[in-house]
Structures are given as C-alpha cells and as structure tokens.
Amino acid sequence: MSLIVQKFGGTSVGDIERIRNVAMRVSKTFDEKNDVVVVLSAMSGVTDSLIKMAEQAAYSPDKRELDVLLNTGEQTTVAILAMMLKGMNYPAVSLLGHQAKILTNSDFGNARIGGINADNIRKYLDQRIIVVIAGFQGMDSNGNLTTLGRGGSDTTAVAVAAALKADICEIYTDVDGIYTADPNVCKKARKLDKISYDEMLEMSSLGAKVLQIRSVEFAKKYDVPIHLRSSFSLEEGTMVVNEYSDMERLVVSGVTHSKNEARITLKKVVDQPGIAAKIFTPIADAGILVDMIIQNTRAEGLTDLTFTVPKSDFKKAVEIETKVAGEIGAEAVLVDENVAKVSVAGVGMKNHSGVAARMFSALARDNINVLLISTSEIRISCLIEEKYAELAVRVLHAEFGLDK
Ligand code: ADP
Ligand code: ASP
Ligand code: MG
C-alpha cells in the first residue's frame with residue numbers, strides 16, 4: 001500500500017468524458033489499496049478565457065480580484081470529479097486550496113507556497129477517503145485567495161506530495177513523457193526514460209511548460225520522485241529523479257523555446273554611471289524578471305538599451321519605462337511582442353567549446369536572424385522573431401544530433 005499523488009492537467013479534464021476517464025484511473029488506484037490524493041487543473045482553455053474576461057473588465061485588472069476569478073477554474077473540476085467518484089460509490093471529498101491549507105505569500109498571480117499544513121488532508125486519508133485538491137490555488141496570511149502562476153497545478157501536486165511524504169507524484173498530461181524537445185513542435189524529438197532534477201530545472205526555466213519550474217524545485221528539495229505520463233494510455237512515462245540520465249553524455253541534451261517574451265528598447269540613453277540602475281531598479285521593484293540585456297553604443301555618448309521581460313509583465317514594464325525614459329531623457333521606448341527565445345541546454349556543454357558558434361551557424365543557414373543572446377555554463381539562448389520559433393527548434397535539434 002502506497003500514498004500516491006495524481007495530478008491531471010487541463011486537457012486531461014477537458015470535458016465530462018475525460019473527467020470520467022480520470023475517475024476510472026483514480027478509483028483503480030484506490031482499489032489497489034493505495035491512499036490517493038488527486039490534484040486537478042481547470043478544464044483546458046478555462047484559465048485563458050477567464051483572463052480574457054478580466055481584461056474586458058479593466059485594462060490592467062486588479063491582481064487580487066483576478067486571483068479570485070481564476071480560482072473558479074479549478075473549483076469547477078474538483079467538484080465535478082468528487083461528485084463523480086461519490087456517484088460511483090467511492091468515498092471522496094473535494095478541497096479548495098485554502099481548505100487544503102496551502103499557504104502562500106501575497107504575490108497575486110505568482111504566489112509562492114510557504115508551507116502546507118497537511119493535517120486536514122491526512123484526516124481524510126486516515127478515513128480511507130480520496131482527497132481531490134484544486135491545483136494552482138493558495139491563500140495568503142490575510143486570508144486572500146492567490147494563484148501560483150501559469151502551470152501552477154504541477155507545483156501544488158509536488159508540494160502536497162512533499163508535505164505528505166508521498167511515495168510518488170504522478171503527473172498526467174497530454175504527452176506520454178518528457179522529450180528532448182516539445183514533441184508537438186519537433187516530430188523527431190526522443191522520449192526520455194529518466195531525467196535528473198537539474199536537467200529538468202534547466203528545461204523548465206527555458207520554456208518547456210511540461211512541468212512548472214517551481215514543481216521541479218520542490219521535487220529536488222524534498223526528493224519527491226515525479227512520474228510524468230499520459231492520461232490517455234497506460235504506458236510508462238518519464239521519471240524525474242535525483243540522478244543523472246544518459247543525456248549527460250551528449251553536449252546538448254535538449255532544445256526548448258518560449259514565446260512568453262517581449263523586447264523593450266530605450267533609445268538614445270546617455271551613457272553614464274547610474275543610468276542602468278535607474279532603468280532596472282523600478283522594474284525589479286515591481287517584481288518583473290529581466291532576462292536578456294544588450295547595450296548598443298551610438299555616437300555622441302549615447303546608447304540604446306534593449307532587454308526582455310515575460311510577455312505577461314509587458315504592459316506594466318512599458319508603463320514603468322515610459323516614466324523612466326522621461327526622467328532620464330531617453331528619446332523613445334520601442335516595444336516588440338513578436339519575439340521568441342530558443343535555447344540549447346545540457347551539462348555536457350561545460351566541457352565543449354564552439355557550441356554557440358554551431359548554434360548561430362545553424363540558425364543562419366535557415367536565415368533566422370539572432371536579435372539577442374544570453375549564455376550560462378550549461379545553456380545558450382537566442383532571441384529570434386516569433387514566427388521562426390518552431391523552425392529554429394527543429395533546426396537545432398538536428399544540428400546537435402538529437403533527432404531519432
Ligand atoms: P497540462 O495541461 O497537462 O499541465 P501542459 O500543456 O502544461 O499540460 O504541458 C504539456 C505540454 O508541454 C505538451 O503538450 C507539450 O506540447 C509541451 N512540452 C514542451 N516541452 C516539452 C518536452 N520537452 N517534453 C514534453 N512535452 C513538452
Ligand atoms: N489552470 C492553470 C493554468 O492554466 C494552472 C494549471 O493548469 O496548472 O495555468
Ligand atoms: Mg501544465
């Protein structure tokens with residue numbers, strides 16, 4: 001008998017029939033004498049349409065109220081699954097994030113879990129009741145509802161598994177494992193049997209949305225084994241574990257892309273000490289993460305400063321920089337939302353030179369222009385035009401010998 005956490009993503013609960021499929025899987029796991037905690041996402045598309053609705057209500061919707069709205073997506077699915085299970089004569093109870101005592105900070109829209117008091121969940125498990133928890137939701141210390149950022153149900157699942165010391169956290173989704181690149185973009189991507197927490201952290205941070213990065217951070221910190229697998233088949237998926245996989249032998253172990261990028265340029269900024277701080281401090285104070293930065297020197301002691309931020313923070317960043325531009329006398333603020341970031345990553349890169357040159361040459365052969373570059377010891381990222389994102393992934397996947 002094991003304690004198993006099973007998380008089902010948006011497509012897996014996309015309609016009533018699919019939720020019935022979830023109920024069958026959950027009840028089977030329960031029949032096999034396991035204790036089962038289920039974590040659900042909202043039905044696919046629901047979170048997106050709630051955000052659209054909010055944007056019709058206000059230009060920049062209040063973040064606290066937006067979280068109250070977004071909480072409704074997951075509330076729907078847990079209620080439906082719990083009533084379905086009860087209708088099938090299985091003992092079940094639905095819990096919203098605050099009822100499951102998932103406590104977060106007050107960073108609405110992107111809250112971090114500070115702790116989980118698992119007593120309430122355990123009370124039900126002790127009575128052999130299936131606990132169905134709403135993913136993505138939390139509550140701050142003032143009792144406000146929060147959400148954990150897009151894809152946050154993964155993090156709910158792993159955090160609950162850690163709090164309960166579950167034997168395994170199974171993440172059910174619409175692909176049958178973790179691949180060397182997004183299998184929906186690159187048909188030649190290869191499925192991995194295993195991947196290490198560190199490699200998965202790198203892939204998630206570079207845009208592989210198959211697991212939210214914070215879920216991998218939790219898994220690594222608390223040593224929670226994750227089994228990522230398909231909700232539509234019984235096939236084994238990919239294990240995310242605390243050891244290196246075969247991928248280590250390759251120079252590049254994965255290719256990722258992210259369309260959640262926007263580029264901002266401040267034109268004709270005076271080139272003197274303290275200016276960069278004036279530009280980036282208010283952005284940091286607003287909790288916006290700046291990723292890539294480049295400075296182009298012009299004549300007459302002026303420079304153009306370009307950087308990227310997540311598309312979701314784009315409006316706020318432009319608002320801030322328009323104000324800063326006025327203060328420091330920059331000529332203009334230019335913006336571009338039609339960009340994407342492609343990255344190659346792998347621990348093998350540490351011991352190889354020339355990876356960047358190969359990456360640029362491969363992109364150039366297909367006429368893909370590189371707009372910005374950033375590197376670390378184990379990855380290289382290029383900002384390119386958004387329309388080339390998928391092509392760039394396939395080109396780089398082939399270039400670094402990852403095609404099957
Ligand atoms: P869910 O709604 O179940 O949480 P997501 O859409 O968040 O599912 O994540 C699954 C998707 O992640 C897949 O459909 C796939 O397109 C994408 N993905 C991106 N990179 C990878 C990768 N390296 N391996 C597998 N899937 C990936
Ligand atoms: N429903 C949320 C989202 O779409 C959380 C999740 O699915 O993990 O981002
Ligand atoms: Mg997801």
Side-chain angles (χ1 to χ4, degrees), residues 6-14 18 22 39-52 66-67 69-78 97 102 109-111 133-138 146-159 169-193 195 199-216 226 228-232 237-238 240 245 247 252-260 312 340-346 389-390 393 396-397 402:
Q6 300 188 318
K7 179 255 171 179
F8 296 86
T11 349
S12 311
V13 294
R18 289 192 170 173
V22 169
V39 174
L40 297 184
S41 288
M43 292 176 164
S44 62
V46 166
T47 307
D48 286 334
S49 44
L50 290 171
I51 291 172
K52 285 210 185 86
L66 183 58
D67 274 0
L69 182 66
L70 296 188
N71 265 259
T72 63
E74 273 71 10
Q75 177 159 353
T76 307
T77 48
V78 290
I102 295 173
N110 199 23
I133 299 175
F136 187 48
Q137 303 182 344
T146 58
T147 61
L148 306 180
R150 298 309 304 268
S153 299
D154 295 332
T155 302
T156 306
V158 177
C169 182
E170 298 180 336
I171 307 254
Y172 289 88
T173 184
D174 57 1
V175 285
D176 61 3
I178 296 163
Y179 284 70
T180 48
D182 185 339
N184 289 319
V185 167
C186 181
K187 291 286 165 258
K188 292 185 173 160
R190 281 182 297 115
K191 182 175 152 186
L192 305 164
D193 294 335
I195 184 169
E199 281 164 323
M200 194 61 230
L201 277 175
E202 200 69 37
M203 302 250 295
S204 293
S205 75
L206 296 172
K209 68 166 182 166
V210 63
L211 282 175
Q212 198 201 35
I213 184 161
R214 284 181 189 162
S215 70
V216 189
I226 296 177
L228 187 123
R229 56 193 304 188
S230 167
S231 55
F232 308 119
T238 301
V240 189
S245 66
M247 292 172 76
V252 164
S253 51
V255 181
T256 59
H257 71 292
S258 160
K259 293 186 175 179
N260 183 27
S312 40
K341 182 170 71 174
V342 283
S343 311
V344 298
E390 285 81 6
V393 169
L396 296 173
H397 199 267
L402 295 173

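Along the sequence shown, the residues carry numbers beginning at 1. Counting starts at 1 for both ligands and their atoms, following the listed order. FYI, side chains are in, hydrogens and waters are out, and symmetry mates aren't considered; it's all heavy atoms of this structure.
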Quiz item: How far is atom 7 (O) of ligand 2 from its nearest protein heavy atom, and which residue and atom name does that atom have?
Solution: Ser41 OG, 3.0 Å
Quiz item: Heavy-atom contacts under 4.0 Å between Val175 and ligand 1: side chain, backbone, both, or neither?
Solution: side chain
Exercise. For atom 23 (N) of ligand 1, find the nearest protein heavy atom and state the residue, atom name and distance (0.1 Å precision).
Key: Tyr179 O, 2.9 Å
Quiz item: Where the side chain of Gln212 meets the backbone of Leu148, is there a donor-acceptor pair that is under 3.5 Å apart?
Solution: yes
Self-check item: Atoms of ligand 1, numbered as shown, that sit under 4.0 Å from any heavy atom of Met203
Solution: 23 (N)
Quiz item: Given that the side chain starts at C-beta and the backbone is N, CA, C, O, which of these parts of Arg150 lies under 4.0 Å from ligand 1, counting heavy atoms, or is it both or neither?
Solution: neither
Practice problem: Using a strict 4.0 Å cut-off to heavy atoms of Ala208, name the atoms of ligand 1 that fall inside it. | Solution: 20 (N)
Practice problem: State whether the side chain of Ser12 and the backbone N or O of Arg18 hold a donor-acceptor pair below 3.5 Å, judged by distance alone. | Solution: no
Quiz item: Is Gly151 near ligand 2, meaning one of its heavy atoms is under 4.0 Å from it?
Solution: yes
Self-check item: Contact with ligand 2 for Gly152, non-hydrogen, under 4.0 angstrom
Solution: yes
Practice problem: Ignoring hydrogens and angles, state whether a donor on the side chain of Thr11 or Asp174 is under 3.5 Å from an acceptor on the partner side chain. | Solution: yes
Quiz item: Under 3.5 Å, side chain of Thr77 to main-chain N/O of Met43, donor-acceptor pair present?
Solution: no
Quiz item: Is there a heavy atom in Gly151 that sits closer than 4.0 Å to ligand 1?
Solution: no
Self-check item: Which residue and heavy atom of the protein sit nearest atom 4 (O) of ligand 1, plus the separation
Solution: Lys7 NZ, 3.1 Å
Quiz item: Is there any N or O on Ile178 that sits under 3.5 Å from an N or O of ligand 1?
Solution: no
Quiz item: Between Gln137 and Gly97, is there a donor-acceptor pair closer than 3.5 Å when you use the side chain of the first and the backbone of the second?
Solution: yes
Quiz prompt | Partner residues of Arg150 under the side-chain contact (heavy atoms from CB on, under 4.5 Å) criterion, sequence neighbours left out | solution = Thr47, Asp48, Ile51
Practice problem: Kindly say whether Leu201 contributes a backbone atom to a donor-acceptor pair with the side chain of Ser204 at under 3.5 angstrom? | Solution: no
Quiz item: Thr146 side chain to Gly138 main-chain N or O, any donor-acceptor pair under 3.5 Å?
Solution: yes
Exercise. Compute the minimum heavy-atom distance from Ser41 to ligand 1 and say whether it is under 4.0 Å.
Key: no
Quiz item: Is the backbone N or O of Lys341 less than 3.5 Å from a side-chain atom of Ser258, with the two atoms forming a donor-acceptor pair by type?
Solution: no
Quiz prompt | Under 4.0 Å to a heavy atom of Arg150 - the qualifying atoms of ligand 2, by number | solution = 3 (C), 4 (O), 9 (O)
Practice problem: Just jot down the ring-ring contact (aromatic ring centres under 6.0 Å, His included) partners of Tyr179, sequence neighbours excluded, or say none. | Solution: none
Quiz item: For ligand 1, is there an N or O atom under 3.5 Å from any N or O atom of Asn184?
Solution: yes
Quiz item: Heavy atoms, side chains only, cut-off 4.5 Å: are Arg214 and Asn110 in contact?
Solution: yes
Practice problem: Starting from atom 1 (P) of ligand 1, locate the nearest protein heavy atom and write down its residue, its atom name and how far away it is, to 0.1 Å. | Solution: Thr173 OG1, 3.5 Å
Exercise. Heavy-atom distances under 4.0 Å are what count here, so tell me which part of Pro183 touches ligand 1: side chain, backbone, both or neither.
Key: side chain
Practice problem: Report the distance from atom CD of Gln75 to atom CG of Leu40, rounding to the nearest 0.5 Å. | Solution: 12.5 Å
Quiz item: Mind checking whether Gly207 has a heavy atom under 4.0 Å from ligand 1?
Solution: no
Quiz item: Of all the non-hydrogen atoms in the protein, which one sits nearest to atom 2 (O) of ligand 1, and at what distance?
Solution: Gly10 N, 3.1 Å
Quiz item: Purely on distance, is any nitrogen or oxygen of Lys209 under 3.5 Å from one on ligand 1?
Solution: yes
Practice problem: Go through the steps to decide whether Ile178 and Leu211 satisfy the test side chain to side chain contact (heavy atoms under 4.5 Å, CB included), and finish with yes or no. | Solution: CA-CA 9 Å; Ile178 296 163; Leu211 282 175; 4.2 Å; yes
Quiz item: His257: heavy atom below 4.0 Å from ligand 1, yes or no?
Solution: no
Exercise. Would you mind finding which of Asp174, Val210, Val185 brings a heavy atom closest to atom 13 (C) of ligand 1?
Key: Asp174
Quiz item: With respect to atom 1 (N) of ligand 2, which of Lys209, Glu74, Gln137 exhibits the smallest heavy-atom separation?
Solution: Glu74
Quiz item: For ligand 1, is there an N or O atom under 3.5 Å from any N or O atom of Asp182?
Solution: yes
Self-check item: Other residues, nucleotides, ligands: >12 heavy atoms within 6.0 Å of Lys188 NZ
Solution: no
